[in-house]
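For reference, the structure discussed in these notes is given below.
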Amino acid sequence: MEENMKLKLGIGVILAVLGLWLAGCQSAGSNESGALNQTEAVSGTNESSSTNESNTNHSHDEEEDHNHNHDHNHDHNHEHNHDHDEEAEAIYKGFFEDSQVQNRTLADWEGDWQSVYPYLLDGTLDEVFAHKAEDTGKMTAEAYKEYYDVGYKTDTERIVIEGDTVTFFTKGQKRSGKYQSDGYEILTYEAGNRGVRYIFKSVEEVEGLPRYIQFSDHRITPSKSDHFHLYWGDDRKALLEEVTNWPTYFPSDMDGHSIAHEMMAH
């Protein structure tokens, strides 16, 4: 009886120790698993965060480079345009090198053109002369009008240029002829500035048409003209010496006020 009690007590102790050992193993296994999962989660977060930070910095660098390049290009284009504007303004005023001058064709003056002289006569251009007087202070508006009255004077109210054909409308009469390039001449004026006359000669002599026509529009390279001064006659050399009368033509679809504003813009 006593032996049976000791045997049961021993078995109970063994079972209790075994139970405590198994519980400890499960707890340790659970902690290791949890620690591993937490490490994987943190590692994944750090990797993702590192990648996002890398992309953000890369994008920022690209944007900064783009802005830098844009600013550089803007500055370069601004400087280029500024230099180009200054050069164009100098050429318009008659200051340029011989090497800058290029040949041009009649295509640069193709179109339907009207004389501005009638607008001087009817007073439409009075605001131009007033503007010049105020702007320069060199002459009165009345003096400017007299000066341009001599310069603009002509009885050829309209000129149409199509291909190599030039048509003059003078005192109700219309005459046409074909013209070909006869080169250009660079002239130096008393004021020190210069101009280029682009010369065209009639292919054949036509009664009532000038043998030579000479364009001057403040341009020295091929480009579409927006207005021009025209000299015409039968003596090429004598025309080059004409500097007081320069009939001036603007597109026929412009009204007088538009022409006046265009003149004042220059």
Side-chain angles (χ1 to χ4, degrees), residues 88-96 109 111-161 166 168-173 175 184-199 208-220 225-266:
E89 183 67 20
I91 290 172
Y92 186 87
K93 292 180 177 179
F95 299 98
F96 52 83
W109 297 279
D112 193 322
W113 306 89
Q114 62 175 321
S115 167
V116 300
Y117 189 52
Y119 296 121
L120 180 144
L121 295 177
D122 68 12
T124 302
L125 301 184
D126 285 354
E127 60 179 322
V128 177
F129 309 133
H131 173 77
K132 284 184 176 292
E134 183 178 352
D135 187 47
T136 66
K138 294 180 180 180
M139 292 194 293
T140 64
E142 292 75 15
Y144 269 116
K145 184 169 185 175
E146 291 177 7
Y147 171 76
Y148 281 95
D149 183 87
V150 176
Y152 290 159
K153 190 171 186 177
T154 182
D155 54 9
T156 298
E157 65 273 7
R158 181 183 171 208
I159 294 174
V160 176
I161 301 172
V166 179
F168 291 81
F169 294 81
T170 306
K171 295 181 179 180
Q173 295 187 334
R175 291 187 175 87
Y184 62 80
E185 297 287 346
I186 300 174
L187 307 181
T188 300
Y189 306 122
E190 289 184 5
N193 60 328
R194 305 195 300 164
V196 180
R197 298 273 187 94
Y198 287 94
I199 306 169
L209 282 180
R211 190 68 169 147
Y212 295 93
I213 56 177
Q214 299 180 357
F215 292 89
S216 176
D217 61 0
H218 314 285
R219 300 169 187 257
I220 62 174
S225 187
D226 53 9
H227 78 278
F228 58 85
H229 312 291
L230 192 66
Y231 309 79
W232 61 85
D234 296 329
D235 189 325
R236 188 183 192 274
K237 184 178 179 181
L239 280 179
L240 294 174
E241 297 172 357
E242 173 58 74
V243 293
T244 57
N245 176 235
W246 14 266
T248 301
Y249 294 83
F250 274 76
S252 291
D253 59 1
M254 292 180 69
D255 61 34
H257 292 291
S258 297
I259 291 174
H261 292 159
E262 186 70 18
M263 288 178 172
M264 288 187 287
H266 293 290

How far apart are the closest heavy atoms of [X] and [Y], and which atoms are they?
| X | Y | value |
| --- | --- | --- |
| Met139 | Tyr147 | CE-CB, 4.5 Å |
| Ser115 | Thr156 | CB-O, 3.7 Å |
| Tyr117 | Tyr152 | CB-O, 3.5 Å |
| Thr140 | Ala133 | C-CB, 3.8 Å |
| Leu240 | Arg197 | CA-NH1, 3.6 Å |
| Phe250 | Ile259 | CB-CD1, 3.8 Å |

Quiz item: Once the angle between the rings of Tyr198 and Trp109 is folded into 0 to 90°, is it parallel (under 30°), tilted (30 to 60°) or perpendicular (over 60°)?
Solution: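 Ring orientation, 0 to 90° scale: tilted.
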Practice problem: Please work out which of the three classes, parallel, tilted or perpendicular, describes the rings of His218 and Tyr92, given edges at 30° and 60°. | Solution: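 It falls in the tilted class, 30° to 60°.
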Within the 4.5 Å heavy-atom criterion, are [X] and [Y] side-chain neighbours or not?
| X | Y | result |
| --- | --- | --- |
| Tyr249 | Ile161 | no |
| Met263 | Tyr119 | no |
| Tyr184 | Ile220 | no |
| Asp126 | Tyr144 | no |
| Phe215 | Ser225 | no |
| Asn193 | Lys93 | no |
| Asp149 | Leu121 | yes |
| Trp232 | Thr154 | yes |

Quiz prompt | Residues in side chain to side chain contact (heavy atoms under 4.5 Å, CB included) contact with Glu146, at least two apart in sequence or another chain | solution =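 Partners of Glu146 by the side chain to side chain contact (heavy atoms under 4.5 Å, CB included) criterion come out as none, since no residue qualifies.
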[X] side, atom [atom1]; [Y] side, atom [atom2] - distance, nearest 0.5 Å:
| X | Y | atom1 | atom2 | result |
| --- | --- | --- | --- | --- |
| Glu157 | Ser252 | CD | OG | 10.0 Å |
| His261 | Met264 | NE2 | CE | 4.0 Å |
| Arg219 | Asp226 | CZ | CG | 4.5 Å |

Quiz item: Residues in salt bridge (Lys or Arg N to Asp or Glu O under 4.0 Å) with Arg158, at least two apart?
Solution: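 Arg158 satisfies salt bridge (Lys or Arg N to Asp or Glu O under 4.0 Å) with Asp112 once adjacent residues are dropped.
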Quiz item: What residues form a salt bridge (Lys or Arg N to Asp or Glu O under 4.0 Å) with Asp234, not counting sequence neighbours?
Solution: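 If we apply the salt bridge (Lys or Arg N to Asp or Glu O under 4.0 Å) test to Asp234, skipping adjacent residues, there are no hits.
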Quiz item: Please walk me through it: do Tyr189 and Val243 pass side chain to side chain contact (heavy atoms under 4.5 Å, CB included)?
Solution: CA-CA 9 Å; Tyr189 306 122; Val243 293; 4.2 Å; yes
Exercise. Determine, step by step, whether Thr124 and His257 satisfy the side chain to side chain contact (heavy atoms under 4.5 Å, CB included) criterion, reporting the C-alpha distance in whole Å, the side-chain angles of both residues, the deciding distance to 0.1 Å, and the verdict.
Key: CA-CA 7 Å; Thr124 302; His257 292 291; 4.2 Å; yes
Quiz item: Can Glu241 and Lys237 be said to form a salt bridge (Lys or Arg N to Asp or Glu O under 4.0 Å), step by step?
Solution: CA-CA 7 Å; Glu241 297 172 357; Lys237 184 178 179 181; 5.1 Å; no
Quiz prompt | Ring centers of Phe228, Trp113 separated by less than 6.0 Å | solution =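 Aromatic pair counts; centres sit under 6.0 Å.
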Under 3.5 Å, is there a donor-acceptor pair between the side chain of [X] and the main chain of [Y]?
| X | Y | answer |
| --- | --- | --- |
| Glu242 | Thr244 | yes |
| Gln114 | Met254 | yes |
| Thr188 | Ile186 | no |

Quiz item: Where do Val160 and Phe169 land on the side chain to side chain contact (heavy atoms under 4.5 Å, CB included) test, with the steps shown first?
Solution: CA-CA 8 Å; Val160 176; Phe169 294 81; 3.6 Å; yes
Exercise. Test side chain to side chain contact (heavy atoms under 4.5 Å, CB included) on Arg236 and Gln214 and set out the steps.
Key: CA-CA 9 Å; Arg236 188 183 192 274; Gln214 299 180 357; 4.1 Å; yes
